[in-house]
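What follows is a short report on a single structure.
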Amino acid sequence: ETENNRSACIVGTVSGGSTISYGIENVFLSVGASTSQKITKLDSTTIVIAYKDTNTGFGIAVVANVLTGTSLSFGTNITFNSAATNDIDITALSASKIFIAYENGSISPPGKGVVGTISWPSISFGTAVTFHSGSSGVSALAVDDLDSSTVAIAYKNLDNSNYATAIIASISGTTVTFPGEETVYYSNNATYNSVVGLSSTTFLVAYGRISAGGPGAAIIGTYTAPGGGGGGGTTSTSTVSANFTGGSLSVAISDNIALSGNVSTTSTSSLTGNHTVTFDNPSGNNASTTATISIQHLTILGSAKLISGTGT
């Protein structure tokens, strides 16, 4: 939030399946506002928040512990990018390790990824590595782990006609490499990417198709690791029957995954054994614009807790 020019988050407790009660406001940036806030869970009582500090423009991360009830205790705010930082996303690799992807502002190369190691109350970061080196940059970044050493990154490639693009990051310790090439999964203007890992080799991406009038769509990506002969890894995508359109979408997907977005009607979805995604045909205007999309694993802090925070 931005009240009194500060940034905060709050813990919510879910009861009865439909009621959420909120605890006290927990301030993680007391002087100045933040943007591009993203949260990841390390375990049932520990989270990490990554954000852009609007005072400096730098990319910052902070670890937080959930104390008794809904109170949070914050560690030290640590800089992971000492330059203008725009889009940010974060995913946990383990109970003590995170991966952050971000756009490096106006500095080339703009698309970078970095690993952070958590040792309360601090975070130490390895060397940031470039995954996109074009001059125009990337936007609508989204990341999720496939396993403890593999991360899928989805984004809009501003250097390639705004095409929706994905790449795989491989992590060893704090070293990040990108064994494959950037792979286009929608050859047109797309935005609001969101990604969730399904297995160590597959992931699901949801996105808005601006060039098609705004309807949302989803697609499965499959990663093939480098072979013994030293060849680079590859990422491929397969188009599925996965369009959703309208205005107030809430789609529950099996495998403990949920998809939500700003569309006007409701449709349903399921994941089969081979990870094919299908959506029921929603009523309403099939050309309605999708404004926001979020796809994620349902459990955040535990079976009955969630956490949210905003700041501009």
Side-chain angles (χ1 to χ4, degrees), residues 38 40 50 59 80-81 85-93 97-105 107-116 126-172 174-208 217-227 230-239 275 293 295:
K38 296 297 174 66
T40 192
F80 63 82
N81 186 40
T85 307
N86 292 327
D87 277 19
I88 298 170
D89 204 8
I90 180 173
T91 188
L93 301 173
K97 189 179 292 185
I98 58 172
F99 176 85
I100 298 176
Y102 60 94
E103 194 210 17
N104 202 27
I107 301 173
S108 184
K112 289 182 174 289
V114 66
V115 172
T127 301
V129 180
T130 300
F131 65 84
H132 177 76
S133 58
S135 60
S136 295
V138 297
S139 68
L141 271 170
V143 303
D144 197 33
D145 62 297
L146 305 189
D147 56 34
S148 61
S149 61
T150 312
V151 173
I153 308 174
Y155 53 95
K156 177 194 286 192
N157 185 347
L158 305 183
D159 292 290
N160 186 26
S161 304
N162 298 324
Y163 287 2
T165 305
I167 194 169
I168 296 294
S170 180
I171 293 97
S172 177
T174 59
T175 300
V176 183
T177 57
F178 298 96
E181 301 293 330
E182 295 176 281
T183 302
V184 172
Y185 58 86
Y186 178 60
S187 300
N188 222 315
N189 194 357
T191 192
Y192 307 115
N193 300 292
S194 190
V195 62
V196 65
L198 302 176
S199 72
S200 61
T201 58
T202 57
F203 55 94
L204 174 67
V205 183
Y207 56 98
I219 195 167
I220 297 293
T222 300
Y223 171 62
T224 302
T234 61
T235 305
S236 61
T237 55
S238 57
T239 303
H275 297 302
I293 298 174
I295 182 169

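- To the nearest 0.5 Å, the span separating CG on L198 from CG on L204 amounts to 5.5 Å.
- When the side chain to side chain contact (heavy atoms under 4.5 Å, CB included) test is applied to S161, the partners found at least two apart in sequence or on another chain are Y163.
- Remark: T177 engages no residue in a side-chain hydrogen bond (donor to acceptor under 3.5 Å, both in side chains) (not counting sequence neighbours).
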When the side chains of residues 146-153 are checked against the rest of the protein, which donor-acceptor pairs come out under 3.5 Å, sequence neighbours left out?
{"from": "D147", "atom 1": "OD1", "to": "S149", "atom 2": "N", "distance (Å)": "2.9"}
{"from": "D147", "atom 1": "OD1", "to": "S149", "atom 2": "OG", "distance (Å)": "3.3"}
{"from": "D147", "atom 1": "OD1", "to": "T150", "atom 2": "N", "distance (Å)": "2.9"}
{"from": "D147", "atom 1": "OD1", "to": "T150", "atom 2": "OG1", "distance (Å)": "2.9"}

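- When side chains are defined from C-beta on, I98 does not count as touching L93, because their heavy atoms never get closer than 4.5 Å.
- Of the possible donor and acceptor atoms, one in the side chain of T85 sits under 3.5 Å from a partner among the backbone N and O of G59.
- Looking at V205 and Y185, their side chains come closer than 4.5 Å, going by heavy atoms from C-beta outward.
- Remark: side-chain polar atoms of N104 are not paired, donor with acceptor, to backbone N or O of G111 under 3.5 angstrom.
- Here the closest heavy-atom approach between residue V176 and residue A169 is recorded as CG1-CB, 4.2 Å.
- Between the side chain of S199 and the main chain of T202, a donor-acceptor pair closer than 3.5 Å is present.
- In this structure, CD on E103 lies 10.5 Å from CG on N81, to the nearest 0.5 angstrom.
- The two residues Y102 and A128 come nearest to each other via the heavy atoms OH-CB, 3.3 Å.
- Shortest non-hydrogen contact noted between G113 and F131 is N-CD2, 4.0 Å.
- Using a 4.5 Å heavy-atom cutoff, the side chains of I167 and E181 are not in contact.
- For the atom pair CG of N162 and OG of S187, the computed distance is 12.5 Å after rounding to the nearest 0.5 Å.
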Open item on the list: Using side chain to side chain contact (heavy atoms under 4.5 Å, CB included), reason through K156 and N189 one step at a time and then give a plain yes or no.
Closed with: CA-CA 8 Å; K156 177 194 286 192; N189 194 357; 3.5 Å; yes
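- Closest approach of G137 to P110, counting heavy atoms only: CA-CG, 3.4 Å.
- For D89, the salt bridge (Lys or Arg N to Asp or Glu O under 4.0 Å) partners are K38, not counting sequence neighbours.
- Residues Y223 and P179 have side chains in contact (heavy-atom distance under 4.5 Å, counting atoms from C-beta outward).
- For the pair T222 and F203, the minimum side-chain heavy-atom distance is 4.5 Å or more.
- Judged as a side-chain hydrogen bond (donor to acceptor under 3.5 Å, both in side chains), and not counting sequence neighbours, D87 has no contacts.
- With sequence neighbours excluded, no residue forms a ring-ring contact (aromatic ring centres under 6.0 Å, His included) with F99.
- For T165 (side chain) and E182 (main-chain N/O), no donor-acceptor pair under 3.5 Å exists by modelled atom type.
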Open item on the list: One pair to check against side chain to side chain contact (heavy atoms under 4.5 Å, CB included): H132 and D159. What are the steps and the verdict?
Closed with: CA-CA 9 Å; H132 177 76; D159 292 290; 2.6 Å; yes
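- Here the side chains of L141 and N193 are not in contact, with every heavy-atom distance at 4.5 Å or above.
- Rounding to the nearest 0.5 Å gives a distance of 9.5 Å between OG of S170 and CZ of F178.
- N157 places no side-chain N or O within donor-acceptor distance of the main-chain N or O of A164, the cut-off being under 3.5 Å.
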Task: Working for side chain to side chain contact (heavy atoms under 4.5 Å, CB included), residues L158 and S139 - done: CA-CA 7 Å; L158 305 183; S139 68; 3.8 Å; yes
